[in-house]
Amino acid sequence: MKVVSLFLVMLFFIHPMKAQEFFKVKAGEDPKKAIPAAVQYFYPQFQPGKVIFYNGHTTNAQLNYNLLLGEIHFVGAQKDTLSLANEQLIKMIVVGKQPFVFAPKYGYLLIESNDSSSVRLGRKQQFRLANLEKIGAYQQSTGASSIRTFTVFSNGNGSVQKLDPKGDVVFSKNTTYYFIDKNNSCYKAAKSSLFKILPKYKKQITNYLQENRPDFRNEEDLKDIIQFCRQFP
């Protein structure tokens, strides 16, 4: 009985956490309406922020990062929500206190710190399609299909790509990690990326990795790597 009781207590605490990370969208339903607006964005409300361009110009606005579309949004003059354009001209964006950079290959990345360190940690947070459910007998979702992952893209006018109309989908919040150099160039978090960013210190980095065996998918391990690399100019 004690084992069963402990299991039920664990379920009580674990289930609410999972409910915050996974959202089911029924066939034909608009994900932007099915997923609560408060969790679609990095901040529950738009924050004072600024867009810094490579030409030195800065624009202040009410900003937020949309995790469903992977876009930075701002409040326009008519109080409507719009997405930033011409991202290749943008050096950095600060939303509230959180700095972002735009990588043409990866999109918007949250950066751990806005300083001149040789290597900084970047995070890509976005909702992804985590599960596709097939419609079974009596038009009910079976939930028996295999797990598949797809990135959610905007089609250019602020709407999500067309989803499979024959089955329900489950969105999950996903985080991937990157290394960012002094020039804001972005690389996937991997040993080879460290060698590209700091080629003069390949031996020292190799010794560190062999000694510590970090997991490049673990944020704490990546922070330790960044701290180690701060000693290199």
Side-chain angles (χ1 to χ4, degrees), residues 16-17 19-21 23 30-128 151-160 171-187 189 219-220 222-223 226-227 230:
M17 288 193 298
Q20 295 177 4
E21 298 296 326
F23 296 91
D30 186 348
K32 291 188 296 182
K33 297 179 180 178
I35 300 176
V39 299
Q40 287 186 34
Y41 284 95
F42 185 77
Y43 290 107
Q45 298 179 340
F46 278 64
Q47 301 289 313
K50 57 184 177 180
V51 181
I52 305 168
F53 297 89
Y54 280 106
N55 63 8
H57 292 168
T58 299
T59 299
N60 297 319
Q62 293 289 318
L63 302 171
N64 214 336
Y65 172 66
N66 188 294
L67 284 79
L68 184 62
L69 299 175
E71 299 175 344
I72 297 289
H73 288 173
F74 67 95
V75 179
Q78 305 300 321
K79 303 301 181 182
D80 47 353
T81 302
L82 305 170
S83 59
L84 291 179
N86 300 319
E87 294 98 339
Q88 67 277 7
L89 303 178
I90 299 173
K91 181 179 181 180
M92 183 169 294
I93 301 165
V94 181
V95 182
K97 296 183 179 180
Q98 176 61 58
F100 290 79
V101 295
F102 179 78
K105 189 175 181 180
Y106 306 118
Y108 289 102
L109 306 181
L110 299 78
I111 57 177
E112 190 69 21
S113 62
N114 182 19
D115 56 29
S116 57
S117 301
S118 54
V119 186
R120 292 168 293 166
L121 181 62
R123 291 179 290 146
K124 173 73 173 181
Q125 291 187 343
Q126 191 169 2
F127 278 106
R128 296 178 183 270
T151 301
V152 180
F153 292 100
S154 168
N155 64 10
N157 61 5
S159 61
V160 177
F171 285 85
S172 66
K173 189 180 294 185
N174 180 271
T175 301
T176 50
Y177 298 98
Y178 300 85
F179 293 135
I180 304 172
D181 67 12
K182 290 181 178 180
N183 299 316
N184 284 350
S185 295
C186 304
Y187 308 82
E219 185 167 330
E220 293 305 315
L222 293 174
K223 288 181 178 179
I226 297 295
Q227 187 61 38
R230 287 183 182 275

task = List the steps and the verdict of side-chain contact (heavy atoms from CB on, under 4.5 Å) for L84 and I93.
result = CA-CA 10 Å; L84 291 179; I93 301 165; 3.6 Å; yes
task = Over all heavy atoms of both residues, which pair between F46 and H73 is shortest? Give the atoms and the distance, please.
result = CE2-O, 3.5 Å
query = Looking at residues at least two apart in the chain, or sitting in another chain, which of them share a side-chain hydrogen bond (donor to acceptor under 3.5 Å, both in side chains) with N184?
reply = R120
remark   = The side-chain contact (heavy atoms from CB on, under 4.5 Å) partners of Q88 (sequence neighbours excluded) come to N86
task = State which residues pass ring pair (Phe, Tyr, Trp, His ring centres under 6.0 Å) with F42; sequence neighbours excluded, sorted by chain then number.
result = none
message = My understanding is that only residues two or more places apart in sequence, or in another chain, count here; which of them pass side-chain contact (heavy atoms from CB on, under 4.5 Å) with P36?
response = F23, V39
Just list the side-chain donor-acceptor pairs under 3.5 Å for residues 62-69, sequence neighbours left out, or say none.
{"unit_1": "N64", "atom_1": "OD1", "unit_2": "Y43", "atom_2": "N", "d": "3.1"}
{"unit_1": "N64", "atom_1": "ND2", "unit_2": "Y43", "atom_2": "O", "d": "2.8"}
{"unit_1": "N64", "atom_1": "ND2", "unit_2": "Q45", "atom_2": "O", "d": "3.3"}
{"unit_1": "Y65", "atom_1": "OH", "unit_2": "Q125", "atom_2": "O", "d": "2.8"}
{"unit_1": "N66", "atom_1": "OD1", "unit_2": "L68", "atom_2": "N", "d": "2.9"}
{"unit_1": "N66", "atom_1": "OD1", "unit_2": "L69", "atom_2": "N", "d": "2.8"}

ask   = Taking only residues two or more places apart in sequence, or in another chain, which ones meet Y178 in a ring pair (Phe, Tyr, Trp, His ring centres under 6.0 Å)?
value = Y106
Could you list the donor-acceptor pairs under 3.5 angstrom formed by side chains in residues 94-105, with sequence neighbours left out?
{"unit_1": "Q98", "atom_1": "NE2", "unit_2": "I111", "atom_2": "O", "d": "3.0"}

note = Sorted by chain and number, sequence neighbours left out, side-chain contact (heavy atoms from CB on, under 4.5 Å) with A34 holds for V25, E29
remark   = Distance col, row L222:CG vs R123:CZ, nearest 0.5 angstrom, shows 11.0 Å
query = Mind checking what makes side-chain contact (heavy atoms from CB on, under 4.5 Å) contact with N60, not counting sequence neighbours?
reply = K50, T58
key: Minimum heavy-atom distance A61-F74, with the two atoms named   = CB-CB, 4.4 Å
request  = Please report the shortest heavy-atom distance between A85 and I90, naming the atom on each side.
outcome  = O-CD1, 4.3 Å
remark   = Here the pair of heavy atoms bringing L109 nearest to C186 is CD1-SG, 3.6 Å
Any residue meeting side-chain hydrogen bond (donor to acceptor under 3.5 Å, both in side chains) with Y177, in chain and number order, not counting sequence neighbours = E219
query = So how far is it from D181 CG to S117 OG, rounded to the nearest 0.5 Å?
reply = 11.5 Å
